[in-house]
S.K.: 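For reference, the structure I am asking about is given below.
If you're wondering where the values come from, they're calculated on a predicted model, not measured in any experiment.
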Amino acid sequence: MPLDPQAKAIIDLVVASGFGDLGPGTDPVTMRALMDSAAIASSIEIAGVIDRTIPGPAGDIPVRIYRPASASDLPVIVYFHGGGWVLGSLTTHDGICRGLADGVGAVVVSVDYRLAPEHRYPAAVEDAVAATRWVGDHAAAIGGDPGRLVVAGDSSGGNLAAVVAQQARVDGPAIAFQLLVYPVTDHEFTSVSMEDNAVGYYLTRASMQWFYDLYLTDAAVGGDPAVSPLHNPDLGGLPPAFVVTAEYDPLRDQGLAYVAAMRAAGTVVADHMYAGLFHGFFSMGSMIDAAQVAFDDAVAAVRSAVG
């Protein structure tokens, strides 16, 4: 279908501002500050929000813990923000995390993992794995139930959630569910969606190349399953998942390919490709009606699995 009219209005603003033009010459530090300042404050009231640090493989990892109520034994969602492993923060994804905590009725732990190019692969993966293990070990102390542990994330954060779910099969903790929102699953630039949506829809193919150039020390590791979870030869034994994709997203086809690969390996997967929407819509429910529908669908999927 054509681009959703409300989505098109957002895209027109993005194109006019040049905000989506990421590439050589873009300063990641400046762009991070700009994204933080542009983040829309959420109106969702949460019973408790705590910023703290937890131990990581290279020092403390900042996290933000959202508690929707004083009750104990709630589901726990470990959330990894998007931003190409280069951008994004606890601030940019505060609204998503508040919405998940409130909608699911879950403790949400948002992870401020190390970013490239200051910290290249596998730093983000190492922090994501360490944070998930910490939450598994300390779930009860933060009001959560370790038996209802969810990994979630959008874009590069969806990539990290998928990688954590794969690696947790060996060393734990037990993951009950995956919420993967337009995840990066394959280091590729030639799929139909990557060609058709290369420019004009916020995330561009050139931006993905820029992200990878900053994230990876060597493009040869792009096929590593911890970079491209679709390339893992063993996708058996993964937790059930809900995967969100968008019609006008360069990453659409690799997200759909990961859905198909998980199903072929026996994983229970629900997915929805949201027509007329673009990469990045998940946080835009206040501006795009269809984005709010997608967010509500994601909340309902998590609630059905662990609520």
S.K.: Listed by chain and number, what are the side-chain contact (heavy atoms from CB on, under 4.5 Å) partners of I44, not counting sequence neighbours?
M.R.: S42, I46, R98, D102
S.K.: Does any non-hydrogen side-chain atom of M284 lie less than 4.5 Å from one of F278?
M.R.: yes
S.K.: Knowing that exactly one of Y113, W210, Y212, F80 qualifies, which makes a ring pair (Phe, Tyr, Trp, His ring centres under 6.0 Å) with W85?
M.R.: Y212
S.K.: Decide if atom CD1 of I40 counts as having more than 12 heavy atoms of other residues, nucleotides or ligands within a radius under 6.0 Å.
M.R.: no
S.K.: To the nearest 0.5 Å, tell me how far F295 CZ sits from I288 CD1.
M.R.: 14.0 Å
S.K.: Shared ILVMFWY cluster between L13 and V199, side chains joined below 4.5 angstrom?
M.R.: no
S.K.: If you group Ile, Leu, Val, Met, Phe, Trp and Tyr whenever their side-chain heavy atoms sit less than 4.5 Å apart, what else falls in with V293?
M.R.: none
S.K.: Give the intermediate values and the outcome of salt bridge (Lys or Arg N to Asp or Glu O under 4.0 Å) for residues D112 and R64.
M.R.: CA-CA 8 Å; D112 200 13; R64 181 170 293 169; over 6 Å; no
S.K.: Other hydrophobic cluster members with L238, side-chain heavy atoms of Ile/Leu/Val/Met/Phe/Trp/Tyr under 4.5 Å, chained?
M.R.: L180, L230, L235, V243, Y258, V259, M262, V269
S.K.: If only atom types and distance count, is the side chain of S304 paired as donor or acceptor with the main-chain N or O of A301 below 3.5 Å?
M.R.: no
S.K.: Look at the aromatic rings of H187 and F189 and report parallel, tilted or perpendicular, splitting at 30° and 60°.
M.R.: perpendicular
S.K.: Would you call R252 and D196 a salt bridge, taking side-chain N to carboxylate O under 4.0 Å as the test?
M.R.: no
S.K.: As an exercise, state the distance from CZ of F177 to CZ of R303, rounded to the nearest 0.5 Å.
M.R.: 13.0 Å
S.K.: Judged by modelled atom types alone, do D296 and Q292 share a side-chain donor-acceptor pair under 3.5 Å?
M.R.: yes
S.K.: Does Y121, at its OH atom, have more than 12 non-hydrogen atoms belonging to other residues, nucleotides or ligands within less than 6.0 Å?
M.R.: yes
